[in-house]
Every structure is written in C-alpha cells, then in structure tokens.
Amino acid sequence: MSALRWGRGAAGLGWALWPAGRPGLLAEEGTLGGLWGCRRSSSASPCEQDRRRDWGHAELLEVLEARVRQLQADNVSEMRAKLLDVARIPEADGSQSPRKVEAGNEGAALGLTSRWAQKLHKEKLVMQKRKQKLEENLQKQARKHQLRVEPQLLNRQLAGWLQRWERSTPRSPWEEQLAQLLQEAPKRLSREEQHDQANRLSKMRYEAQQQRLLAFLECCVLADQLPLAHHVLVMHHSKSRQQRALTLPMYNTLLLGWARKGSFKELVYVFFMMKDAGLAPDLLSYAAALQCMGRLDQDASTIQRCLKQMAQDGLQLQELFTSLPLCKEDKAVLLRAVRKAEPTFLPPQPPLPSFEVNTSPLLKEIYSTDLPASFPKQHLPLETLKDLFRQQLSVEMATIVTVDSVEKAPSLTEEVLQARKTLQELRTRWEAELCLALQQTKAREAQAAREGRPSLFPYLCLLSEGELTQLMLQTLQVLSQQGESLLSLAQELGMRIFNRHVVQRKQLNDEVQALQERYFKYLHLLASDTQVVMSRLPRQHWEALGTTEASQDQPWPLTVVVQLGKQLAEVLVQTVKMPSNLAQLQDTQKLIPVLYHVYSFQSFRQIGILKPHPAFIQLLETAAERTMTFESAEVPMLCPPLPWTSPHSGAFLLSPTKLMRSLEGTIQHQRLLEGCPPTELHGALDALTQLGNCAWRVNGRVLDLVLTIFNAKGCPRLGVPSPASEAPRPSKHRLPANASPERKTELRRELARCLKVAREMHSLRTDALYRLSLAQHLRHRVFWLPHNMDFRGRTYPCPPHFNHLGSDLARALLEFAQGRPLGPHGLNVAKVLEGFISRKVVKQTVMTVVYGVTRYGGRLQIEKRLRELSDFPQEFVWQASHYLVRQVFNSLQEMFSSTRAIQRWLTESARLIARSGLAVEWVTPLGIPIIQPYHHDSKVSISGGIQSLTFCSSGDTNQKPNTLKQKNGFPPNFIHSLDSSHMMLTALHCYRKGLTFVSVHDCFWTHAADVAVMNQVCREQFVRLHSQPILHDLSRFLVERYCSGPRSTNAQVAKLQEMLLSVPKTGTFDLDQVKHSTYFFS
Amino acid sequence: MIWKVLHDIYSCTSIYRYGRVELNFFFNELESQRMMANPLNPNLYYALSVLWQVAYDVKLLHTEPWSSFDMCSQSGQREKPESKESLEQQTQQNLCLIQLTPHKDLFSQHLTSVNYDVFFHMTKQCFLKRHGKLIDHLTSLSPIDAMDILKKIRQDKTIKIIDMYPSDFKCLFETIECSKDHTCKWLYDDFMEDVIV
C-alpha cells in the first residue's frame, strides 16, 4: 500500500517539471515579480498544491480501504453495489477516519499441512489481486466524485502567491488577499485579434460554445449547484487552451453566486483565477465582492479599500445601483456594505418613467396634460376584479389548465371503463419508471459535468423529477397518430421547462406577494367603483406604483432548449412501455415500447419522427377521457392583463411573455427594443395595453348553436368542421386478386386523395375543438385577451386557440363583456353589402401588388378566389385567372405608377443595404424599431443520442443577410408597419374618446353605436399619419444608420447613400378625400 | 430521374403502364456500380441498389470512355465544363451501358403496386444506418416482435444491413406484410413521405 502512495508522490514530482504559466502572460512577469518578489520559491509551488490535493485523496483512500476490508467478508458483487455510496463520503469526514489496521495473520498458516497452506496461499494471492483492483477502482471513483475547489493557476507568480498564503499559519485574512488581488489587475491581452484571422465558421462555433458554457454556469447558480459550477470553471481554467474560452461574465457569474452565499474563500479563489486569466474586474465583479463583504458584515476599512480601488479603476459607485441587473435583496446587502464605508451614501433614485413623455407629433394629443387622461374603464367593481386576479394567479401557478372537451361523452360501457382503468394503471407505472429513468439520466449528466464534458445536469435540476415526469406524460398524451417531428417536440418540451422554471422562480423570490399588492393598487384605476386622484393612463399608473425590475431570466440558447427537450424525449422513448396485449395487464407479459422513433423521407431530408404505437392510440380513443390540457399562457386571462411597461414585462402575471414575438432563437428585435429609449415605445406599449384591457365574454346563444352542429355532422359551409366520420372513403378496400395494374394505381390515387382530405378535416376539426372547448370552459365568465406584436408592429392576441382572430365562426363566439344598446346608425352596420363577390375576386391581388406580388402569385390568388365561386365553370379557372391577372397588372401599372416608383426605391435601397452586409432596419412613425430577421441559414446540429438533429435558423445575425428576402420583404413589411402605426393611432385616439376598440390588423371593431366616431377617428388619423414626411424621415434614418461613421468612405456605401437620398415623389392623391370616402374602410 | 423510373415501375405507371419494358441506359460509372452493388462490395451498397435489383435484372452491356462523347447543352451548344478539374475527372471516367430488364415476379401477393411505398420506406430507413443491425432497425419499422420476424426469415440476430442481399429485403418485407395476427404491421403511414401520385 505504502509503495503505491509513494508512487503517486513521485508522480507529483514529475508534475513539478511540467511547465506552469502561459506564454501570453510572460510580458507581465516583470511587474508582477517586482511586486511580490520570491520568484524562486514560487516556481516549485504548483506541484505542492497538487501534492496537497493528493494528500486529500490519500486520506479519503484510507477510509475507503477500511471499508473494503469490512466488506471483504461479503461477496464481491454486493460490495460493488455499495461502492458508489462509499465513494460519496465527503472529504471532510476523512479526518476522523479509522486508521489503517494491519491485516493478515500469516502465522496461522504454519500450523496447517503444506497442501492446505499452498491452497490458502493461492487464495490469498487471488484475494490480494482482487483487493488491489478494487482499490484502484475506488481510487478512480473517489476522484470522480470529488469537486475541485482550489484553482490551478497557470501564472507561476500568482500560483506561488496563492500557495504560500494557503500554507502559512496563521493565514492572513482573506480580505487582505482580495484587496491585493484587485490592485494592479492586469488588463487583458487583446485576444480578439487572434480570432480575426480564424475563419468565420470556427469562430461562430467557438462563440456558440462560450454561450453554452455561460448558460451552463448561470443555470448551475440557479439550480443551487454552485460547487459544480466552480469545479467546471476550475477545470477549464487549469488548461490553457480551454482557459482562453473563458470570459469575464463567466467569472462574474461565479462571483455573484458565491457572494450571495457569503462564501468569501471561494470568492477569492475566483478572483485569483480572473487575475490569472488576465481579466480586469468590472462593475459586476466589484458588486459581488462588496455584496459578499456585506453579508459577512466585515469592517469598514476593508470595504473602503475596495471602494477606493474601484474609483481608481474608473468605476462609479452610483452605477452599482443603476446599471446592474441585481435583485432587490442583492441591492439591499450591497447598500449595507457601502453604507458601512460611507454612512452618508444615498443610492440614486431611479427616475420615475411617467414623468418622461413621448414627443412624437402624432401622439401629442394623447400625452398632452391639458385634458385628463381618458380610457375605457372596466365595468366591474374593485372587489370582483381582485377576486379575478386571485383566480388568474392560481391558474398560472398551476401552470396548466385542464379543460373538458365539448365532444360528446361516450356512454360508459364496460369497454370504456376497462380502457380507462388500463390507462390509469399504465400511467401510474410510467410515472414511477420515468422518475427512476430521470434519476439515472441526471447521474449520468452530473458525471459528464464533473469530467468537464458538456452537460445538461443543472437544467435537469431546475424542476423536480415529478414535474418533469408530468410534462413528459402530457407530451405523450397529446401526440397525434401521425406522430410529431422529434425536433419540434424537443423544442416545445425545452421551452415548457424554461417557462415553468421562470414561473417557479418568481414564486420563490416572493415576487408574487409584491405583485399582488401592486396590482390591487393598480385596480383602483380600472375598477368601476373607484377613482384615482392622478389622471394617468393604465401603463403610466402601473409605472408610478413601483419600479420594474430588470428581467433576470435570460432565455437559454436555442441549442440548449432543443438538447434538453431531446434528452427528455429520449427518456420517454426508452422508458415508456406497455404490454403487447393490452387486453390483459399481467407482469409476465412481454413489454413493447409505446413510442417509436421512425424516419420520414422528404425530398433530400430525413426527418426523425416520434410515433405512438397504434394500439396505444386505440386505447386512448376507447377510453375517450375527453379532457384537454393547456399551458396557462394559452388560455385567455381571467383578470385584466399586466400593462406593458418594457419589452419583456406585461400581459400574463407570471408566465414570461415578449412584447415582440419572433421565431425562437432570434434576438435582434429584443436587443433593438431594449436599446431604444423607453419613451419611444410608449405609443406601442399603451396601444397594446389597452387592446388587452378589453373585457370579453362568450356569446352563449351562438356557442349553443355551433355546439349542436359540431356534435352532429358539422357544416363546412357555416365554418363548422365535420368529424372524421364524414370524411370521404375510398369506394372499395379489397381488390380482386387479378385486378389490372391500372386499376390498382387508380385505387392508390383514390386512397391518397381520401387521406389528404381526411387529414385536412382532422386539423380543422382539432382547431375547432380547442376553440369550442375553451369557449365552453369560459362560458359565463369575463375574460381578457392580452396582446403583443410581431416584428413589424402588427398586433396579435397572445392566446393562440381562442381569440377574435380568424374565421367568422371565431368572431361570432365572442362579444364585448360590456354591452351597449345599438345606436341610430347601428342598423347600417348589420346590413350585408351585395355584389361584394365580384370585388373580392381581385381585391387580394390589387392589395398585394403594392407589396410586390409577382404575376405568378397573383394568378394563384385569383384562381383560388374563382374556385370558391360555386357557380363559376371550374374548367375555365386556369384560363380565366390568367386573363384576369394580366388585366389587373396592366391597369395597375397605369393607375399606381408613383406607388410602383416608391416600391422600386424601397426594394433597391434594401438590396444595397443587404449587400453592404447589414439587415434592413427602420423606425415606425410611432417609434417602434423594426429589423428584418432575414439572414442566410445557419445550420446548427446536435449530435448523439437517438438521432442527430439539424436545424436551420434564418435569424442568426452572425450570418450575412439574405439579400433576396431583405429586398423583397422591405416594401410589404414597411407598409405593414405603417398600417400597424395607423391602427395604434386610431386605437389610442379612440380610447382618448372613451371608446371600446379592438382590431385584427386592418379590421377595426367597436360597439355598433360608436361606429360613427370610430370611422371619423380612423380617417383623421390616416390623414395625419400620411401627412407626415414618412419617406423623407425614412431616408434620413437610413442614411444616418448605414452611411455614417467609418463606413461612409466605401464606394458601395456612397452608392447606397445616393440611392437613399433620391426619395421618389409621392402621388398627387388628395388625402382629404379620404375623409369623405364611404368605402375607404369597409 | 432515377427515382422517377423506380416509382414508375413499382407503381406500374408511365412507360410501365402496359407491362414490362426493357430499357438500356448510359449511366456514369459510379452510379452503375452502385446499381449493381451487393454485400460483397459494401462501400457501394445503398438503398437504391436494393430497389433496382429487386425490380430489374441489371446487366452491364458495355463500357465506353467519356472522351468518345461530345457533350451538348440543351440548346445544342457544346457545353463548357465548369472547371478544368471536373473535366479531367470526367474524362477519366467511363460511361456504362446498362440493360434494365424488369423481373417477371416483381409483384407478389404481398408486394403490390399499392403498397410499394412501404417497401421503399423500409429500405431507405434501413440504409440510414447501414452498419446497424437489422434487429435494431426492425423496432422502428414495425411493432411486430423483432425476434419473431428474424426467426421467420431465418436470419441471425446479429445480421447487419450491409450483409443482406436485395432478395433478403424483399423477403423481409413480404414476411412482415403477411403476418396474420397483427392489426398493425407497419409504423409507416402515407403522411411520412411525399408520395408521387
């Protein structure tokens, strides 16, 4: 045994010869050495440190050895099972370990016969060998399970310094170290230069790796796995190549984590590493240090030294409280620390946002203080609204909503009951099995993290195993018969975990209580029976009631989301099994998987699909449980939504919602929105807030009618989809054996046609089922539809299944909760316009020509309309559509020549901008920043596991912009953004007049009685908007954005500037005519 | 083009509408090698090899160097090669005249022009992981017990995809297709592929 340990010692000596330090830092050695001196002694220190660690191992080893001997009497296999437990004994216990007792009683062997002795000897040898092997294994295990705390520094001086000080007794206080560390913080060598030369692809991969590592560390902190994060950081830090990938935010994450725990020793270790890596501490690092001191209640002088150093580094004390994303508690501790050093210090008050007012000329009337702010109030009293808030809160805390389906319930036959029982038994079994499988997965991932491999461990720790299991079972429950692509399933699962985690964190941070207090105060403004002294808009009032904390939940990188979802999907596929014959549940039966991973071949791609066993689908159908589960953010709200105050706070109470929706993984909008001054967004924030504040209820009579039709055979003509039983069926299933090949081919075609129709019907039916079930769920209730917008500023209701967007059926189900009698003009609205159809045929094309529709697309549009006309001879559709599109295009070219000129100008500008390597950006007249997220596809692939996933993202800003999409997209997107501005202006002015107002893009609603007022406002605002020098403003913005700065010398940019400055003339259209036009908006 | 011909013969449409037609085509060398490949030359063995050989008797008639041909574009102009390298590569290669004679017994009671797409899918999926074992693939092809199927086609459970001859795939398909006591034989459905109708 001792020989073995000696060997390890020798290995330690070997390590001493291993060169320490990084060539990159050699230049600084002079100054550092001068400061700390003792170069000689420091050179040997890294190995000493290692040896110390070895001693730690040795101690642990002894514990394990003792245990091995204890266990030797038992058989070996049992021992192996216990190995893991033994290895997990923390190092701290090692100090009290029983000392080694010399074993082996050789003398006894002498008394026996030689044959026996030989045999015994042999056995003993075998035993010894076995023991040795076991010990080696144990040793390995022990090292695997130990997390590293002390850093291994590459800079020799620094390492020596750390070493000396660690061994010195009594230790000089940690604070002393920190103060010294902060002094003379080396400025980082310009590493970026190294990457300039490296090719784009590897650079991107490198950045993605960094992003993942940072997200990993942050998640570790959230999941209370700080030691693991520290271990991983130390591991990376100890290898010079990996160290180069470490960034300041990574170290800061750890600093902040340790500071919150008040662990000064580890904090100093991280500072050591930062200095070793050549990184200068920034504001956040100082905030962490101060916070830690605050928690440990350290004396004033230490804090003073720290503050002094901060000032020397050019960092402002005030900024600690204004520009850092710290939570309330962190700030309080920070303030305590600062006050110790400077008792008179006052943290700067955040400026009250409501004092700042938007200055856009279009919004002048809205925000003018001459008149009191006006907006429609809710029709409910305060106490009712408070109660509704509590209900909505409990819904969001539960994260899911279970809704009864409106499908006809089956009669409870023996068969149905049996199927339900079977299903229940299976679920109970799966729950337990999934929990177990998750534990194993977590153990595996934890191991991966310890070894420094990429790992999902902290993400899996955010939710309990039970919750993850529920999530997986839900996924299984809703999987359709055709299955779902693994990629989208994984992404959805990953996003759900993220959302749930955010909600949970808000609960843990006591934000719920604060939210409730603030919301109740806010309700005084909205409720029908209360008054507020100050006249403010809802958003302004909300802002005045407190400060909005910076969002702390950064979205995870898309790759992490997908990876996490994929991991869970894999567990699901591997774990969930059912008996091959569902009729009899017996343990002896053979188990077969419920989910299968199959491939679908679509042109050149192979798409992995998860597909349930048909027998399982059959079981679900028989059981006919008739309940559905929705995420709480998919259901309309039961109380008025939170007002929008920033790009990421508003709408739902707890579930995270974004002001601007975008494809998952595109973040440029978010960055733009966060970067622009808050007042610029006021128009959009207020319009969205008010759209969401409109109270709705279900039109019960319409719902009853629709439900009757729905549960009968449906009626496609009325927009009520038919059930599957109404789908067309192929005439014959069985062919005679001698049927001709022709006949067979015909049958194939017919089958395919039927299948296609059936599939379309199914998706329509499901959509209607969701809508109607939610309507039934909300019948007799008042509810609200929170709104957000897309990247062009068009507004949408957030709940996807049940809202006022969509077909006539969808709209007919809803009515304003606060009814008003029809006014004198109300009847006109109810009249149906005749002869509309002839206009409808070409309307879409005329409208879309302005958006740059091509002749081909135009023909398709017209063809579609013609097909919808039942009395049109269908054989002539093709010719007729050709004829019409030619006519339409010719006449348009004459009529809208100036419109075409503008369109050309926009297209050409966009082309030049995209060519210069940037995406097209602009700002709407209301101040919303817009950026077109069209880039060349970046491929991300995630390998390993059941399948490698590859997905393309067109929103990756590291890729060059996609010129074609940028240029073709600019005219329509620009016009959409103007339309949306017009809608928001109309909305805001309607509210100003106290009208209820909602809209679907270019279709505006109000009470029938108020239509006249709305019409007037709508026209006025249209004229005002278009009286603005919109194109000149755009031109000025684009020149400023793309042709200024160092870029302006470029020849390409000069060409762009010339193009941008040649703004086309607008048409001679007299805008005032709009005010009198009857059919301007119909 | 290749897939079009394959779909045509398996669905008895287009030129195969009225029966079996023998075709003689020039293919480039690599492609023709693939068409005729089997487990003996695993590097060239693909799903296409199986589908060709199950449907046709594939015979190499003649090999002719590229240099004997003038390359013309559609407009009749002599086409310029994209780069010098590709020209050199091409001229070193040969064109192979291949005779494709449809098998008389391509269709059986179980493989028909109605369900051939399942056979296509099965073969393609198997060759996604060519070096994998058949038994692993079977679990994602059919809910029927993999060991039963292997027993029926008399294959060892260690057999790999690239060790199976084209006829083995047909046999495998027919075995699964004719299994009686299962309501569901395949995990595949029409939704999973763009079927040319």
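We name chains A, B, ... by the order of the sequence lines, and we start the count at 1 in each one.
- For A/Glu760, the side-chain contact (heavy atoms from CB on, under 4.5 Å) criterion is met by A/Lys756, not counting sequence neighbours.
- Atom CD of A/Glu415 sits in a sparse spot, with 12 or fewer heavy atoms from other residues, nucleotides or ligands closer than 6.0 Å.
- Listed by sequence position, the residues of residues 616-625 of chain A in contact with chain B number zero, using a 4.5 angstrom heavy-atom cutoff.
- Between A/Phe601 and B/Leu128, some side-chain heavy-atom pair lies under the 4.5 Å cut-off.
- For B/Thr13, the part lying under 4.5 angstrom from a heavy atom of chain A is the side chain only.
- Taking a 6.0 Å sphere around NZ of A/Lys577, one finds it holds more than 12 heavy atoms contributed by other residues, nucleotides or ligands.
- Atom CD of A/Glu414 has 12 or fewer heavy atoms from other residues, nucleotides or ligands within 6.0 Å.
- We find the CD1-OG1 distance between A/Ile592 and B/Thr139 to be 11.5 Å, quoted to the nearest 0.5 Å.
- Scanning all heavy atoms of the two residues, the minimum distance from B/Pro143 to A/His613 falls at CB-NE2, 3.1 Å.
- Smallest separation of non-hydrogen atoms from B/Gln125 and A/His597: NE2-O, 4.1 Å.
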